[in-house]
Amino acid sequence: IYTQGTLKLKHYLPQVDDVYRVPVLIVTSLVNQPYILDLVPGQSMVEYLLQQGFDVYMIEWGRPRQEHKNLTLEDHVQDRLPACVAQVLRHSGEQQLSIVGYCVGGLLSALYAAVHPAAPLKNLVCMAAPVNGDGLVSLKTWMGSNFDEEALLADFGNVPADWVQNALRALRPLGKVSGAMSLLNNMDNPDVVTSNLRMGKWEQDNIPFPGGVFRQ
């Protein structure tokens with residue numbers, strides 16, 4: 001229902017007759033593909049919310065190009081996210097909305113709520129939001145004092161998707177191994193195998209990180 005550069009704001013048609021009047025806006029991550037929240041029928045958070053009677057909207061930030069390398073947190077929190085909020089309220093005809101922020105989208109949502117105390121926000125839900133980095137020992141070791149982010153951004157503009165993927169894997173160094181072991185232990189279960197393949201495809205399909213946001 002709305003676009004701004006690579007950003008797309010989508011509205012999902014309700015699946016029940018009795019719909020909650022307060023719409024739900026899902027704010028997705030800047031580094032993960034948003035389809036993880038709407039993977040396939042029966043494996044979809046969006047589908048579940050629709051079946052429970054929620055009116056669902058979702059922001060897809062898109063894949064940043066070279067001209068987007070200077071996008072900052074302020075661009076997202078003070079411009080793009082408020083514009084989407086306004087569009088949701090206009091489209092739904094309501095006065096308030098609830099926000100569900102996932103991953104970096106949760107961070108953006110928390111910042112939006114903090115700097116807009118008068119926002120038309122009824123509920124805020126954040127999932128896996130990196131608002132406190134105290135426990136990210138592996139990631140901070142990988143990006144230690146010798147990590148030169150300015151050299152990286154000078155070379156690429158935005159942080160390449162494979163760098164993003166390696167950083168996320170640093171959060172769970174044995175994640176790939178444990179996932180492979182789980183798959184081997186369930187090779188006789190077609191549903192588990194299919195789900196594992198879907199998740200594996202998504203895990204390797206990261207999005208470049210806008211250079212300005214990464215610097216901040």
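Keep in mind it's a predicted model, so treat the numbers as computed, not measured.
Counting heavy atoms from C-beta outward, W61 and I207 have side chains that stay 4.5 Å or more apart. Between C103 and N32 the shortest side-chain heavy-atom distance falls below 4.5 Å. Side chains of I26 and L49 form a contact here, defined as non-hydrogen atoms less than 4.5 Å apart. Put simply, the side chain of L25 reaches to within 4.5 Å of the side chain of L9, judged on heavy atoms. A 4.5 Å side-chain heavy-atom check between H76 and L30 finds at least one atom pair inside the cut-off. Using a 4.5 Å cut-off on side-chain heavy atoms (C-beta onward), W163 and L152 make contact.
V100 and Y48 are not part of a single hydrophobic cluster, where members link through side-chain heavy atoms under 4.5 Å apart. V77 and L71 fall into different hydrophobic clusters, defined by Ile, Leu, Val, Met, Phe, Trp and Tyr side-chain heavy atoms under 4.5 Å apart, directly or through other members. Under the 4.5 Å side-chain contact rule for hydrophobic residues, V22 and L50 do not share a cluster.
Residue pairs meeting the salt bridge (Lys or Arg N to Asp or Glu O under 4.0 Å) criterion with at least one partner in residues 64-73, sequence neighbours excluded, are R65-E67. Within the structure, the salt bridge (Lys or Arg N to Asp or Glu O under 4.0 Å) test picks out the following pairs touching residues 46-62 (sequence neighbours left out): K10-E60. Applying the side-chain hydrogen bond (donor to acceptor under 3.5 Å, both in side chains) test to residues at least two apart or on different chains, the pairs with a partner in residues 12-28 are R21-E94. Residue pairs meeting the salt bridge (Lys or Arg N to Asp or Glu O under 4.0 Å) criterion with at least one partner in residues 22-43, sequence neighbours excluded, are absent.
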Pair up each side-chain donor or acceptor in residues 114-133 with any protein partner under 3.5 Å, not counting sequence neighbours, and list the distances.
residue: H116; atom: ND1; partner: Y112; partner atom: O; Å: 3.1
residue: H116; atom: NE2; partner: Q78; partner atom: OE1; Å: 3.1
residue: N123; atom: ND2; partner: S98; partner atom: OG; Å: 2.9
residue: N132; atom: OD1; partner: D134; partner atom: N; Å: 3.0

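Residues V85 and L97 approach most closely at CG1-CD2, 3.8 Å, considering heavy atoms. Residues T3 and K8 approach most closely at CG2-CG, 4.3 Å, considering heavy atoms. Considering every non-hydrogen atom in both Q95 and L89, the closest pair reads C-CD2, 3.9 Å. Across every non-hydrogen atom of P208 and P64, the tightest pair is O-CG, 3.2 Å. For the pair N186 and S182, the tightest heavy-atom approach, listed with the atom from each and the gap, is ND2-O, 2.7 Å. Taking each heavy atom of C84 and L7 in turn, the nearest pair found is SG-CD2, 3.7 Å.
Residues meeting the side chain to side chain donor-acceptor pair (under 3.5 Å) test with Q4, sequence neighbours left out: Y2, D79. In this structure, the side chain to side chain donor-acceptor pair (under 3.5 Å) partners of Q216, at least two apart in sequence or on a different chain, are E74. Residues forming a side chain to side chain donor-acceptor pair (under 3.5 Å) with Y57 (at least two apart in sequence, or on another chain): H91. Residues forming a side chain to side chain donor-acceptor pair (under 3.5 Å) with E150 (at least two apart in sequence, or on another chain): R215. For R63, the salt bridge (charged side-chain N to carboxylate O under 4.0 Å, His left out) partners are D205, not counting sequence neighbours. With sequence neighbours excluded, no residue forms a salt bridge (charged side-chain N to carboxylate O under 4.0 Å, His left out) with D75.
Between the side chain of S44 and the backbone N or O of V40 there is no donor-acceptor pair closer than 3.5 Å.
Note: I99 CD1 to L81 CG = 5.0 Å, rounded to the nearest 0.5 Å.
The hydrophobic side chain of L13 is isolated, with no ILVMFWY side chain under 4.5 Å apart from it.
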Would you check, one step at a time, whether the test side chain to side chain contact (heavy atoms under 4.5 Å, CB included) holds for V159 with L153? CA-CA 7 Å; V159 181; L153 296 177; 4.0 Å; yes
Residues Y102, M58; criterion side chain to side chain contact (heavy atoms under 4.5 Å, CB included); working and verdict: CA-CA 11 Å; Y102 167 63; M58 184 161 74; over 6 Å; no
